[in-house]
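Beneath this line is the structure, given in structure tokens, with notes to follow.
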Amino acid sequence: MQVPFIDLKTQYKAIKEDVDNAIHTVLDHGFFVNGPEVKQCEADLAQFTGSKHAVACASGTDALIMALMALNIGPGDEVITTPFSFVATAEAIVLVGATPVLVDIEPDSFNLNPELIEEAITDKTKAIMPVSLYGLLANLDTINAIANKHRLSVIEDAAQSFGAEWNELKSCASSTISCTSFFPAKPLGCFGDGGAVFTNDDQLQTTLMQIRDHGSESRYYHTRIGINGRLDTIQCAILSEKLKRYPWEMEQRDRVAKKYNQAFNELSEKGVAIPKVPENAKSVWAQYTLRVPNRDHFQAAMKEKGVPTAVHYPTTFDEQPAYKDLVRTVSATESKKAAKEVVSLPLFPDMQENVQDYVIKSIIEHF
Ligand SMILES: *Cc1c(COP(=O)(O)O)cnc(C)c1O
């Protein structure tokens with residue numbers, strides 16, 4: 001059997017008629033940029049997340065850049081973030097001219113360790129940028145409290161956590177600005193690149209909308225520096241359709257993850273660690289990620305059996321050639337350990353029982 005890592009074809013087939021109709025509506029009216037589906041999609045996203053405002057944009061990376069620009073973060077400023085994430089987190093900070101200050105993760109959640117944040121704060125610190133990695137909300141409760149105490153902004157990198165919750169906090173609705181990605185492989189993906197920025201602050205929403213459109217306050221009148229960060233009307237039309245199926249997909253992701261957890265619990269004596277989700281937290285399982293001993297050997301053996309695996313992420317920011325001289329590293333021990341041990345398994349909402357059983361059997365046999 002050859003197992004796919006994710007399966008977007010089955011997902012498309014399930015909603016083909018609605019998606020095709022939505023696309024054709026846009027093709028017929030011809031407003032490919034700033035069409036009516038953009039406002040509709042933003043209203044749908046805001047409603048789903050519980051955030052007051054959603055501003056659709058061209059990618060998760062643009063979302064992060066726009067958030068930093070909206071908060072006037074630039075040269076001389078520091079932004080506290082994790083060493084263990086997709087490169088875009090650090091990239092956005094560097095692109096606006098600020099310095100990423102790296103603070104280590106908690107070994108269980110793989111998210112920013114709030115206990116290590118305060119020792120990293122200086123008079124240059126402007127914001128904290130926690131990443132809700134693998135679909136699990138960062139500890140925003142504690143991080144928001146630290147930010148309030150030191151008068152800092154919080155930018156949630158929610159590229160992997162759209163729909164996640166922890167107690168009464170929801171991803172994309174619980175920080176100064178939150179940023180998500182609709183890259184096709186994310187929990188909620190569009191059919192190309194896409195992203196969104198969320199805020200509860202009316203002033204910031206206005207600023208974000210101006211930044212998205214070359215910093216224009218009105219047509220051809222530019223009051224600030226911006227970018228072209230718009231999301232195509234067609235992608236917005238697709239997103240609104242895909243969002244309708246997303247609650248079911250989140251349930252299926254959780255079902256698959258829980259079955260993995262149950263199956264792999266017994267491997268703890270072999271040095272395998274299953275992901276831990278705190279009580280009252282709801283992960284959207286952007287990745288199902290184990291820690292394993294001898295990872296290279298494990299991945300090679302799985303490949304042979306037709307079970308694809310992936311490493312998110314093998315190198316921390318402080319060791320990336322392009323970044324090592326641009327970051328200030330405060331702590332990264334657990335991040336480096338995780339980078340050597342983590343491995344993600346196939347997980348998608350339309351995963352068939354027999355396919356998952358095959359993945360489980362292959363892994364149990366290996367160990
Ligand atoms: C995917 C991702 C991004 C970037 O999103 P794009 O839409 O690919 O630009 C940023 N941060 C994290 C944590 C991501 O996983």
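Counting convention: from 1, in listed order, for ligands and their atoms alike. Counting from 1, the numbers follow the sequence of the chain as shown. Keep in mind that what you see is a predicted model, and the values were worked out from it rather than measured.
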Does H150 have any side chain to side chain donor-acceptor pair (under 3.5 Å) partners at least two apart in sequence or in another chain, and if so, which?
E118
Begin with the C-alpha distance, continue with both residues' side-chain angles, and end with the deciding distance and a verdict on salt bridge (charged side-chain N to carboxylate O under 4.0 Å, His left out) for D62 and R212.
CA-CA 9 Å; D62 274 1; R212 176 177 66 178; over 6 Å; no
When you check the side-chain N and O atoms of Y288 and N261, is any donor under 3.5 Å from an acceptor?
yes
Give a yes or no on whether H222 atom NE2 has more than 12 heavy-atom contacts from other residues, nucleotides or ligands under 6.0 Å away.
yes
Kindly list each side-chain donor-acceptor pair under 3.5 angstrom involving residues 332-346, sequence neighbours excluded, with atom names and distances?
residue : atom : partner : partner atom : Å
S335    : OG   : D104    : OD1          : 2.6
K336    : NZ   : D318    : OD2          : 2.2
K336    : NZ   : E319    : OE2          : 2.9
E341    : OE1  : R291    : NH1          : 2.9
S344    : OG   : T289    : OG1          : 3.0
S344    : OG   : H312    : ND1          : 2.9

Distance-only check: which donor-acceptor pairs under 3.5 Å involve side-chain atoms of residues 357-367, not counting sequence neighbours?
residue : atom : partner : partner atom : Å
D357    : OD1  : K259    : NZ           : 2.7
Y358    : OH   : K305    : O            : 2.5
S362    : OG   : Y358    : O            : 2.7

Taking only heavy atoms of the protein into account, state which residues are under 4.0 angstrom from an atom of ligand 1, in chain and number order.
S59, G60, T61, S85, F86, A88, T89, V131, D157, A159, Q160, S181, K186, G194, Y313
